[in-house]
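Everything below concerns the one structure shown next.
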Amino acid sequence: MEFPTVFLFGYLMLSCFAASCFGVTFSSLHKTLIVSASSPLGHVLKAGEDELTINWEFNQTFPPSTDSAYKTLKLKLCYAPESQKDRPWRKTVDNLKKDKTCQHMIAERPYSPSNNSFVWKVDRDIPSAKFFVRAYVFDGQEVVVGYGQNTDRSKTFDLFTIHAITGRHASIDVASVCFSVFSVGSLAGFYYMERRKGKISQHK
Ligand SMILES: *[C@@H]1O[C@H](CO)[C@@H](O)[C@H](O)[C@H]1NC(C)=O
Ligand SMILES: *[C@@H]1O[C@H](CO)[C@@H](O)[C@H](O)[C@H]1NC(C)=O
């Protein structure tokens, strides 16, 4: 290899590392965060209506310097195995760049080791499925360096069932649109009648 080629190759390798283009695997991450999720309504929630409270903190049994490079945290809603079955578009892949388990972003926050809480109103576009919550922490280069989740390793404990916005909601929406069209219509009609009356009385 000539010198410039070597140089270019080295440069590409370096920028590759910086951008983590080799892809971090989930199995290489330590579960350094304790994450919990709860709702006064229990474990069955309605999309677009109900709220989920998520708390997280650094697990103090890890050495204190473990989280010194932690910068940001992303909370995500993830499909439980039961809701991934026969759905390759929700498949779990160890390479996190290809993983489709956690498709729904809940929130992004600067990392803090304790006293973290976030109340999330379940997004209107969440489909009906069983979910858990996972937090990923990232370093200053936006490389994922740790995680935590509100469920166990096999992802069966403490799952949340979310019901998507249904026909019931849709018909309420349609009804309210109709109703407002109707009220605008009757207001216009009323105004027109009043004007006519006014004109008639002026002609008298
Ligand atoms: C904290 O981490 C240790 C070591 O991995 C683990 O044994 C323990 O269960 C964790 N604590 C909690 C509350 O998850
Ligand atoms: C945790 O947050 C509460 C409310 O924001 C605050 O009053 C309390 O001092 C915080 N505790 C710590 C240890 O930061």
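For reference, positions follow the sequence shown, starting with 1. A quick note: this is a predicted structure, and the numbers were derived from the prediction, not measured. Scope of the values below: all heavy atoms of this structure, side chains included, with no hydrogens, waters or symmetry mates. Counting convention: from 1, in listed order, for ligands and their atoms alike.
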Open item on the list: With a 4.0 Å heavy-atom cut-off, what residues sit around ligand 1?
Closed with: Ile34, Asn59, Thr61, Phe62

Task: All side chain to side chain donor-acceptor pair (under 3.5 Å) counterparts of Asn116, not counting sequence neighbours - done: none

Open item on the list: Tell me whether Phe157 at atom CZ has more than 12 heavy atoms from other residues, nucleotides or ligands lying less than 6.0 Å away.
Closed with: no

- [ ] Report yes or no: do Ser117 and Asn55 form a side-chain donor-acceptor pair below 3.5 Å?
- [x] yes

Task: Between Thr101 and Thr92, a side-chain donor and acceptor under 3.5 Å - done: yes

TODO: Mark yes or no for whether Asn59, through its side chain, and Lys31, through its backbone, hold a donor-acceptor pair below 3.5 Å.
DONE: no

Task: Cation-pi geometry met for Lys74 and Phe138 (6.0 Å, 45°) - done: yes

